[in-house]
Amino acid sequence: MSLNRLIFFLQNSLILFLVSIATSQEKKELKYAATINSDNDAFIFWQNSDRFYSFGLGLKVAIKPEKFLGFEKKIINKKDFFIDFEIKSEGYTASNPEISLESILNDSIVFDRPFAGLLFSKTGITYSFERLFFRGELLLGVMGPSAFTREIQDWVHKKITGDGVLSGWDFQIPDQIIFNTNFKGLYDLTPSYNGFDVYSGLEARVGNLYIDTTPLVGIRIGKFGPLASSTAFGNTLLGSTSLREIYIKSSLSATVNWYDATAQGNIFNRDYEYAVKDLNHLHTSMTHGVYIRTKRLSIGFDHIFTYGKIIKGERHVFGRFEFTYLF
């Protein structure tokens, strides 16, 4: 074989090899997703506050396995499923975060809600069907000084925003182990509509952190995939590699709230001095967000409005960013 023919053969072999790699990668099913999410009332441009649900920061990894503890055999008629693991820190503060020396000396400290810090992990499993999906979670963690929420917020205020630290953390809810089981299901009411969708659902949480239930209804407008594989609901991993999304989502919900440890302290030991004594047992919420998905990346930003959560008549707004990479 002459040198020119050898070069020609090698060049074409290399081209064919690269094309085969590109094609196989394009067809390869994406089985993993990594998500960073951040909640903060500072994301709302028309206000600047640290009050009520002040911040949250989480990291989640999702996996789409072939099998998982035999659960894949127990749920009939399902289309797909995935599992995920998340670790998250959350901080809750009063609307009067600065405590004066005079109020300490006079023993006249008053909070509309207590300071509370959470550090927890969640393990979840999601099953998708033709027009719906449902999800179950187990939450385990700690609430109190051992969650290091104060240290996280102080570091952000000192190193990033330049704000002063909040003295109210000296009076945060004491340490306790937290455990919760959370359930969620959503149903697509208009699956055949193109560019417009209406859905409804129900969420319920039971444990020593939250005891509540939330019916909801929502709409999507734009270009989106099926409810059970769409970005806004955390189901990006179940979408096909060809799915592209850009849409807005709004929802309305009402929560019947029997218990909230971030406001009331330990469910078994009710002697925490600054606990909320008159919890509002019914509050409403509204969300408005925009979501975008490419082949490997999805981005979402939501505004969450709450009315009467914990305290009757009080309104609170915070924003949520979420970035997911699939691989």
Side-chain angles (χ1 to χ4, degrees), residues 35-44 47-60 85-99 104 109-123 137-180 182 205 207-212 257 259-269 271-276 279 302 304 306 309-311 314 316-322:
T35 300
I36 297 175
N37 57 71
S38 181
D39 312 326
N40 207 306
D41 46 15
F43 294 155
I44 306 303
Q47 69 179 32
N48 184 16
S49 63
D50 273 307
R51 62 193 294 268
F52 300 159
Y53 180 34
S54 184
F55 77 92
L57 183 62
L59 175 63
K60 180 190 294 185
F85 310 91
E86 181 178 18
I87 183 168
K88 191 169 187 180
S89 172
E90 293 182 353
Y92 298 80
T93 63
S95 60
N96 55 321
E98 298 298 333
I99 307 302
I104 296 175
I109 301 171
V110 176
F111 296 115
D112 49 6
R113 70 147 296 143
F115 282 68
L118 275 63
L119 180 64
F120 58 84
S121 64
K122 286 195 295 186
T123 302
E137 293 178 340
L138 290 177
L139 179 153
L140 181 64
V142 62
M143 178 171 66
S146 293
F148 300 106
T149 310
R150 175 183 191 167
E151 287 77 5
I152 293 172
Q153 189 176 64
D154 286 355
W155 183 87
V156 171
H157 281 208
K158 290 177 180 179
K159 303 296 185 179
I160 299 178
T161 64
D163 302 332
V165 298
L166 308 183
S167 57
W169 281 109
D170 288 332
F171 307 92
Q172 67 176 298
I173 292 176
D175 276 343
Q176 64 171 295
I177 298 298
I178 51 176
F179 175 81
N180 245 75
N182 308 329
R205 302 185 292 183
N208 72 335
L209 179 58
Y210 303 114
I211 304 176
D212 57 32
N257 186 12
Y259 186 77
D260 188 326
T262 71
Q264 297 174 281
N266 195 307
I267 193 172
F268 303 110
N269 183 2
D271 61 354
Y272 173 59
E273 182 179 359
Y274 305 106
V276 170
L279 180 73
D302 240 343
I304 296 94
T306 62
K309 186 174 184 180
I310 306 299
I311 306 165
E314 285 287 349
H316 184 54
V317 189
F318 64 94
R320 171 173 296 148
F321 278 105
E322 189 167 272

Which heavy atom of [X] sits nearest to which heavy atom of [Y], and what is that distance?
X	Y	result
Asn208	Ala261	O-CB, 3.4 Å
Leu166	Arg150	O-NH2, 4.3 Å
Ala116	Met143	CB-SD, 4.3 Å
Ile173	Ala263	CD1-N, 4.4 Å
Ser54	Gln153	OG-NE2, 3.1 Å
Phe111	Ala94	CD2-CB, 3.7 Å

Could you tell me if the side chain of [Y] sits less than 4.5 Å from the side chain of [X], heavy atoms only?
X	Y	answer
Thr93	Trp169	yes
Asn266	Tyr272	no
His316	Arg51	yes
Ile310	Leu279	yes
Ile177	Leu140	yes

Exercise for review: Answer with yes or no whether the side chains of Glu86 and Asn37 bring together a donor and an acceptor at under 3.5 Å.
Suggested key: yes
In Å, rounded to the nearest 0.5 Å, how long is the span from [atom1] of [X] to [atom2] of [Y]?
X	Y	atom1	atom2	value
Phe52	Asp112	CZ	CG	4.5 Å
Lys60	Ile87	NZ	CD1	13.5 Å
Tyr259	Arg205	OH	CZ	13.0 Å
Ile211	Gln264	CD1	CD	9.0 Å
Leu139	Ser121	CG	OG	7.0 Å
Gln176	Phe268	CD	CZ	9.0 Å

Exercise for review: Classify the ring geometry between Phe318 and Tyr53 as parallel (under 30°), tilted (30 to 60°) or perpendicular (over 60°).
Suggested key: perpendicular
Would the distance check show the side chain of [X] and the main-chain N or O of [Y] forming a donor-acceptor pair, the cut-off being under 3.5 Å?
X	Y	answer
Asn40	Ala42	yes
Asn182	Glu137	no
Thr123	Leu138	no

Exercise for review: May I have the step-by-step check of side-chain contact (heavy atoms from CB on, under 4.5 Å) for Leu209 and Ile267, ending in yes or no?
Suggested key: CA-CA 8 Å; Leu209 179 58; Ile267 193 172; over 6 Å; no
**Study point:** Salt bridge flag under 4.0 Å for residues Lys158 and Asp154
**Key:** no
Review point. Is Glu322 salt-bridged to Arg320, cutoff N-O under 4.0 Å?
Key: no
Point to revise | Intermediate values then yes/no, side-chain contact (heavy atoms from CB on, under 4.5 Å), Thr262 and Tyr210 | key: CA-CA 9 Å; Thr262 71; Tyr210 303 114; 3.8 Å; yes
Check your understanding: Going through the checks in order, is the side-chain contact (heavy atoms from CB on, under 4.5 Å) test met by Phe55 and Ile152?
Key -> CA-CA 10 Å; Phe55 77 92; Ile152 293 172; 4.1 Å; yes
**Study point:** Verdict with supporting geometry, Val317 and Asp41, side-chain contact (heavy atoms from CB on, under 4.5 Å)
**Key:** CA-CA 6 Å; Val317 189; Asp41 46 15; over 6 Å; no
Study note, to complete from the structure: For Phe321, the ring pair (Phe, Tyr, Trp, His ring centres under 6.0 Å) test, sequence neighbours excluded, returns Phe43, Phe301
Check your understanding: Is atom CG of Leu59 surrounded by more than 12 heavy atoms (other residues, nucleotides or ligands) closer than 6.0 Å?
Key -> yes
